[in-house]
S.K.: 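One structure coming up, written as structure tokens, with questions to follow.
Heavy-atom basis, side chains included; hydrogens, waters and symmetry copies ignored. Here the structure is a predicted model, which is why all the values come from computation and not from measurement. The chains referred to below are lettered A, B, ... by the order of the sequence lines, with proteins before strands, and numbering in each begins at 1.
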Amino acid sequence: MKKSLNQNLLFALPSMVLSRQNKLYFHTKTGFIEQLQRCNNVISMTSTHASVLKSGFLNDTFTANHLMNCYVRLQETHDAHQLLDEMLEPNVVSYTSLMAGYVNMGQPKIAMCLFQMMNGSLVSPNEFTFATVINACSILADLRTGKKVHSHVEVSGLRDNLVVCSSLVDMYGKCNDVDRARRVFDSMGCRNVVSWTSMIVAYAQNAQGDEALNIFREFNYLLGDRPNQFMLASVINACASLGRLISGKVTHGAVIRCGYDSNDVVASALVDMYTKCGDVSYSDKVFQRILKPSVIPYTSMIVGAAKYGLGRLSLGLFEEMIARRIKPNDVTFVGVLHACSHSGLVDEGLKHLNSMYEIYGIKPDAKHYTCVVDMLGRSGRLDEAYQLAKSIQVDANAGALLWGTLLSASRLHGRVDIAVEVSKKLIESNQQVAGAYVTLSNTYALAGDWENVHSLRSEMNRTGVYKEPGCSWVEIKDRTYVFYAGDKSIERGSEVWSLMRKLEQEMKKRGYVGENTGLVFVDVEEEAKEEILSMHSERLALAFGLISIPKGITIRIMKNLRMCKDCHEAFKQISDIVERDFVVRDINRFHHFKNGSCTCGDFW
DNA sequence: GTAGGGTTAG
């Protein structure tokens, strides 16, 4: 029969008592608690537990809670749980601290079970309990339970509690219910920087970056508080998701002025933002300034370089981080494989796939295999890619990505046979149906099989399958230019088209041929052309922007600026990083000029 | 004993 934790300790007790005899006999409740607070390893913990047991103080809930908290702190949740089971009168602190322990140990489900168990007892939850269990729902993105807990909060008299409401905002955000998050946020009588950050994150992580920036503006305007590193990292993330280079740079200025530029998390967000906003060289400059980059900034930079086709740079960074004994994670390998895929480094990619588990103990999963399928597919090794895809066990979402990847590769290399098989899989499983139809149709078009193209189009019309037009956008100076696939009426459209033709000629001159360049159209139907254009419109718009922005307007204005010390430092650093034509505009926004001196506060 | 941030393949 299994012995209880306390029974086990009784067996261990005699030797412990003997070795610490003199101290133990004089213990008081306060003495035990002080001793427990000092415990920093399991051996001293076990010994103290034994003494508490012997003294009889274990029946005292307050002392037992300290004991349990100590187990939780040492990550011995199993022992802490056993202690709770054996407590005579566990109270709200006993339940809540164990719940928090499970959440911190990555076992939020057990925390939720404990909450249920507690509700079945006579103990009522308090604000700490609610914040903890809501956090568990948030980690699991469990909206159903989250709503139930929310109702419980409403009747518990804690609906005005700042921490509970902030955790509700966060929970709804993580469960992709932004409207509910906003409703809770709006209902709050009192908010702090955490509640505002939770709302910003809720918007940013649910593809509503504009709203995230609006609410950040509101925060600055209403509160005049300085944002902290959490808020700034979230705002930078929102800029990244929108491709808003200027807003990103302005926020970068705020980061420097507020003194968070050496923060690892903020720097990672900046590296990622500059990549997504169109300039990997800024990312590199920010990255170079990080004194001791951890795995995440390294990964951001590896992924960033990979996206720009700088595979060798990605692999060099990977080697550098290994040499610095920084352990890669699963995302790092996604970046490495992505880099190999986009730079045609197939053999090296396969080598990295094999080393993942063998050397680093990371088991490749669907996302890694999807990268490898993409890598083999891009390089024309379609049969191997197909074989690999068939051998992977995936759930529906990962499957959609995997087969979608193979389908694109089949189209790229005109492998109608594989494209047909793969589209069938996608359409039958009701995944990416419209995309599958269009890509299959384009594959037929590339092969000159117009009969099948037309029959697919009729089938799409008959079954009512509609492909949302692709959309991309780019921010140039203070304007956002939006491009929809197939929309020829875009502003300054004729300039875009003429620039595109120039680029096309330039690329041809340098030896690019075929549709791999993305700008050279093959003889396909109108819709297929539009799809190819939309894939590249972002880069196109960037190129378009670069030749349209007037330069050289900056130096004179700058000389007249009188800046406070903080702003001057921010300006010096940021001008190392960004180009001057953007900087002046940003710098003007960093400052308020009153009576000839500089006051800061409004980032926008 | 409680709430918030960064990297992920087509």
S.K.: Which listed nucleotide (B:dG5, B:dT2, B:dT8) is nearest to the side chain of A:Ala100?
M.R.: B:dT2
S.K.: Below 30° counts as parallel, above 60° as perpendicular, anything between as tilted: where do the rings of A:Tyr360 and A:Phe318 land?
M.R.: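 A:Tyr360 vs A:Phe318 ring planes: perpendicular.
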S.K.: Out of B:dG1, B:dG4, B:dA3, which has the shortest distance to the side chain of A:Thr197?
M.R.: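 Looking only at side-chain atoms, A:Thr197 lies closest to B:dG4.
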S.K.: Quick one: label A:Asn192 by what it contacts on the DNA or RNA (base, sugar-phosphate, nothing), any heavy atom closer than 4.0 Å.
M.R.: base
S.K.: From the options B:dG4, B:dA9, B:dG1, select the nucleotide whose nearest atom is closest to the side chain of A:Cys371.
M.R.: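 Within the option list, the nearest is B:dA9.
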S.K.: Side chain of A:Asn228 only, heavy atoms from C-beta on: which candidate in B:dG6, B:dG5, B:dG4 is closest?
M.R.: B:dG4
S.K.: Of the nucleotides B:dG1, B:dG6, B:dG4, which has the atom closest to the A:Asn126 side chain?
M.R.: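 Nearest nucleotide to the side chain: B:dG1.
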S.K.: Given B:dA9, B:dG5, B:dG4, which nucleotide is nearest the side-chain atoms of A:Gln229?
M.R.: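 The answer is B:dG5.
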S.K.: Within the pair A:Lys276 and B:dT8, is there a side-chain N or O less than 4.0 Å away from OP1 or OP2?
M.R.: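 It does, given that an N or O in the side chain of A:Lys276 lies less than 4.0 Å from OP1 or OP2 of B:dT8.
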S.K.: Are A:Lys425 and A:Glu421 ion-paired here, with the side-chain N under 4.0 Å from a carboxylate O?
M.R.: no
S.K.: From B:dG6, B:dA9, B:dG1, pick the nucleotide closest to the side chain of A:Asp374?
M.R.: B:dA9
S.K.: When all nucleic acid strands are considered with a 4.0 Å heavy-atom cut-off, which category describes A:Ser97: base, sugar-phosphate, or nothing?
M.R.: sugar-phosphate
S.K.: Between A:Asp170 and A:Ser138, do the side chains contain an N or O donor and an N or O acceptor separated by less than 3.5 Å?
M.R.: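 The criterion, which ignores hydrogens and geometry beyond distance, is satisfied for A:Ser138 and A:Asp170.
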S.K.: Taking OP1 and OP2 of B:dG6, is either one under 4.0 Å from a side-chain nitrogen or oxygen of A:Gln205?
M.R.: yes
S.K.: Using a heavy-atom cut-off of under 4.0 Å over every strand shown, decide if A:His66 touches base, sugar-phosphate, or nothing.
M.R.: nothing
S.K.: B:dG4, OP1 or OP2 - any side-chain N/O from A:Lys174 closer than 4.0 Å?
M.R.: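 The answer is no; no side-chain N or O of A:Lys174 sits under 4.0 Å from OP1 or OP2.
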S.K.: Starting at atom CG of A:Leu412, determine the distance to atom C1' of B:dA9, rounded to an integer number of angstrom.
M.R.: 16 Å
S.K.: So, A:His368 side chain and A:Asp330 main chain: donor-acceptor pair closer than 3.5 Å or not?
M.R.: yes
S.K.: I'd like to know if A:Lys109 and A:Asp142 make a salt bridge, using a cut-off of under 4.0 Å between side-chain N and carboxylate O.
M.R.: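 Result for this pair is no, no salt bridge flagged.
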S.K.: Please determine, for the side chain of A:Val201, which listed nucleotide (B:dG5, B:dG6, B:dA3) has the closest atom?
M.R.: B:dG5
S.K.: So if I take every side-chain heavy atom of A:Phe230 and compare against B:dG4, B:dG1, B:dG6, which nucleotide ends up nearest?
M.R.: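 Minimum distance to the A:Phe230 side chain belongs to B:dG4.
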S.K.: If only side-chain N and O atoms of A:Lys367 are considered, is one of them under 4.0 Å from the OP1 or OP2 phosphate oxygen of B:dT7?
M.R.: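 For A:Lys367, the contact criterion (side-chain N or O under 4.0 Å from OP1 or OP2 of B:dT7) is not met.
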S.K.: When the distance from CG of A:Asn135 to P of B:dG1 is rounded to whole Å, what number comes out?
M.R.: 16 Å
S.K.: Have a look at A:Ser300 and say if it touches a base, only the backbone sugar-phosphate, or nothing, with a 4.0 Å heavy-atom cut-off.
M.R.: sugar-phosphate
S.K.: When you check the phosphate oxygens OP1 and OP2 of B:dT8, does a side-chain N or O of A:Asn329 lie under 4.0 Å from one of them?
M.R.: no
S.K.: Is there a donor on the side chain of A:Asn65 or the base of B:dG1 sitting less than 3.5 Å from an acceptor on the other?
M.R.: no
S.K.: So for atom CG, which belongs to A:Leu122, do other residues, nucleotides or ligands contribute more than 12 heavy atoms lying within a distance under 6.0 Å?
M.R.: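 At most 12 heavy atoms, drawn from other residues, nucleotides or ligands, come within 6.0 Å of this atom.
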